[in-house]
Amino acid sequence: MQELDIAGLGSVRVTRKDNNVVVIEKGLATDQMVLAMGPQHPSTHGVLKLECLTDGEVITEAEPYLGYLHRCFEKYCENVDYPAIVPYTDRMDYLSGMNSEFAYAITVEKLLDIEIPRRVEFIRVIVAELNRIASHLVAIGTYGIDLGAFTPFLFCFRDREHILSLLEWASGARMLYNYIWIGGLSQDIPADFTKRVKEFVDYFRPQAKELYRLLTENEIFIKRTIGIGIMPADVAINYGWSGPMLRGSGVKWDLRRNDPYSVYPELDFKVCVPDGRHSEIGDCLSRHLVRALEIDESLNIIEQCISKMPSAEGFDPKAAIPKRIRPKAGEVYGRAENPRGELGFYIQSDGKSTKPLRCKARSSCFVNLSAMKDLSKGQLIPDLVAIIGSIDIVLGEVDR
Amino acid sequence: MGNSLNAWSEALTGFAPMGLPLGMVILAAIPLVFIAVYALTYGVYGERKISAFMQDRLGPMEVGKWGILQTLADILKLLQKEDIVPSSADKFLFVIGPGILFVGSFLAYAVLPFSPAFIGASLNVGLFFAIGIVSIEVVGILAAGWGSNNKWSLYGAVRSVAQIVSYEIPAAIALLCGAMMAGTLDMQQINVMQSGPWGFANFFLFQSPIAWLPFLIYFIASLAEVNRAPFDIPEAESELVAGYFTEYSGMKFAVIFLAEYGSMFMVSAIISIVFLGGWNSPLPNIGSFALNDMTNGPVWGVFWMVMKGFFFIFVQMWLRWTLPRLRVDQLMYLCWKVLTPFAFVSFVLTAIWEIYVP
């Protein structure tokens, strides 16, 4: 006697008699249900649609549908001057605008081959790392919400608020900064900025520990995330994963170390990878842990930057900004480590125009999300939510 | 206003001018008014303020001083809302779902002794009735979930039914431990058994060395029965949008919420009746300073009963704003492999204790 699954009939118990199949008992035909998760769903982090084929609570297949937030970034870039693209990069990954600007600025600077004042570099790193902390706080907080813990989310947003105030003080905007320009900054940091940043770092260290105790060490949280959505390192590399996702799979890959830019080589920080003692390497908990640990590293980086930064005497943040950007013909690929992974810009210039001939953005969220189909197979719906949350997508960057 | 047991409710039952059972109607209306008032003040406003306190926020502050009138404004908003029945919904089930849900939680109030002088219906199987009647809620949830014709609602309903039916077992066994200690299923008698000059020391929780185990089991199981965090998976907003009431709006939504707040107090009242003396004062007599005698009586009874219930609701809220949510299979694991065996253990131990230790 054996069980067969004959299409359309559900499970059928059969026996074989002289090579003929005899049906003994016909089971209840169960159908699979198509479940459209999103684009309006609380935990798809924006307008992502996942079309799931479900068998009860088990997901047999999940297909992500994108493009609900598509704003033609690349086509837009071909029609405006190089500096006008900067504010648009903010709107890609709106949770880490500084990092996106940073990536774009170093790409164009590479194309133009210009020298940047040292103080500008340090300020850029400080604001980028502050923004990285803010972005990770959102990631951790919303991950808590995905798993049903509401309070950590508000704790995260309370502390993120301080960072946003600092960045607003420096740039004049809370999320879409337009601060890091090609060759410089839109303005110098305010007089007491470094003092306030230091105050924030001192204030935030104990808060981060509290958050850690509240969420990361919570038994239920660990039970919900450990061993869920495991991504082996080799598959992660094949998918092109980057950032905390790749490090969560145990690959020590951080562009700030492996393809250093700006003043990162002078700074002392660790590349955080899970050690496998607290989580299974490559699962949702590892990815969460990497983000939690990176917050600490970013705080260290900020402190080092403040102590190493040259004084503001005779400093002009716009000194190196070219009056008219018209790169010579050629192409360039520049990349930077964003909170979500590698953000790369590929820019082609025809040498005549002040507009790029082609500007392609390699978005980390998009690439990370591509593994969704693989990760979600055979998971439960609550686990699917946990996996989406751990990928930490920003649909603004996925769709561009 | 006699001091004998159930004096108020018996007087009310007898009140029938011109042959109309007006007293019975008032008797039934008292818990209803209580649920409405408590849900508005403590349930909604209190929960918002408590969660705000836990999350470093202010909570509602705009309507009235400290936002006191916020709930009133919310109710007005809900009243104005269009009562939408989705076009492809099963209209009958969709409409009666919230009703059954509310009736399920409200019926249990019949056997809750609010005071030594007041109980809706003095049944000699009161506890049994309270355990059983809650199951009616399952029908309402299933009707709401199926009638909505929404996949998320259906998931929520199926999860909820599985959860409530499973958790009734440890909950009932844990309550039986209390019933064994009292030797009766009559809710008033269970309370009377816990009266005494020693105040809290007379409560069943402190009467036997194992009573904390069924107490804890019932508390955890009751969280699951009323769909509160960390067992709120039937209405897990991050997974199932809003569970079985995704499609509800306006007053139907309000009724579902009223039912939820009704059940919250109901389970809190039951746990305080069975393990914490219900309307008995927790204060002991200290020598000639007869604190216990001073703070007992019909009116004090109402106070203690409601305060004990509110305390457990506060703990429910506290847990809700602290803990993440369990997964469905983890929930079932907890029920069948942890709570149920321990409930049986505590059942046997309580029985042994009751037989061999006077």
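Computed from a prediction, not measured in an experiment: that's the story for all the values here. Naming convention: chains lettered A, B, ... in sequence-line order (proteins, then strands); numbering from 1 in each chain.
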**Request:** Name the region of A:Ile228, side chain, backbone, both or neither, that has any atom closer than 4.5 Å to a heavy atom of chain B.
**Result:** side chain
**Message:** Could you tell me if the side chain of B:Trp152 sits less than 4.5 Å from the side chain of A:Met37, heavy atoms only?
**Reply:** yes
**Asked** Do B:Pro324 and A:Glu219 touch side chain to side chain, with heavy atoms closer than 4.5 Å?
**Response** no
**Request:** Please flag which part of A:Phe221 lies under 4.5 Å from any non-hydrogen atom of chain B: side chain, backbone, both or neither.
**Result:** both
**Message:** Looking at A:Phe366, I want to see if its CZ is surrounded by more than 12 non-hydrogen atoms of other residues, nucleotides or ligands under 6.0 Å.
**Reply:** no
**Prompt:** Rounded to the nearest 0.5 Å, how far apart are CG of B:Leu323 and CG of A:Asn218?
**Reply:** 5.5 Å
**Asked** Got a sec: does the OH of A:Tyr203 have more than 12 other heavy atoms crowding it under 6.0 Å?
**Response** yes
**Request:** Counting only heavy atoms closer than 4.5 Å, note whether B:Thr322 contacts chain A via side chain, backbone, both or neither.
**Result:** both
**Asked** In this structure, are over 12 heavy atoms from other groups packed under 6.0 Å from B:Trp66 atom CH2?
**Response** no
**Message:** Any heavy-atom pair between the side chains of B:Val328 and A:Leu380 that's under 4.5 Å?
**Reply:** no
**Under 3.5 Å donor-acceptor, A:Arg224 side chain and B:Arg325 backbone** = yes
**Prompt:** Would one find more than 12 heavy atoms of other residues, nucleotides or ligands at under 6.0 Å from atom CZ of B:Phe257?
**Reply:** yes
**Request:** Report, as yes or no, whether the 6.0 Å neighbourhood of atom CD on A:Gln40 holds more than 12 heavy atoms from other residues, nucleotides or ligands.
**Result:** no
**Asked** Looking at B:Arg327, B:Met54, B:Arg57, B:Lys151, which makes the most heavy-atom pairs under 4.5 Å with chain A?
**Response** B:Arg327
**Item:** Donor-acceptor contact present, side-chain B:Gln330 to main-chain A:Lys223, <3.5 Å
**Value:** yes
**Item:** Per-residue contact mode, A:Ala36 against chain B (heavy atom under 4.5 angstrom)
**Value:** backbone
**Beyond-backbone contact of B:Tyr155 with A:Met33, side-chain heavy atoms, under 4.5 angstrom** = yes
**Message:** With a sphere of 6.0 Å drawn around CD of B:Glu62, does it hold more than 12 non-hydrogen atoms of other residues, nucleotides or ligands?
**Reply:** no
**Item:** Expected output: side-chain A:Thr151 to main-chain B:Gln55 donor-acceptor under 3.5 Å
**Value:** no
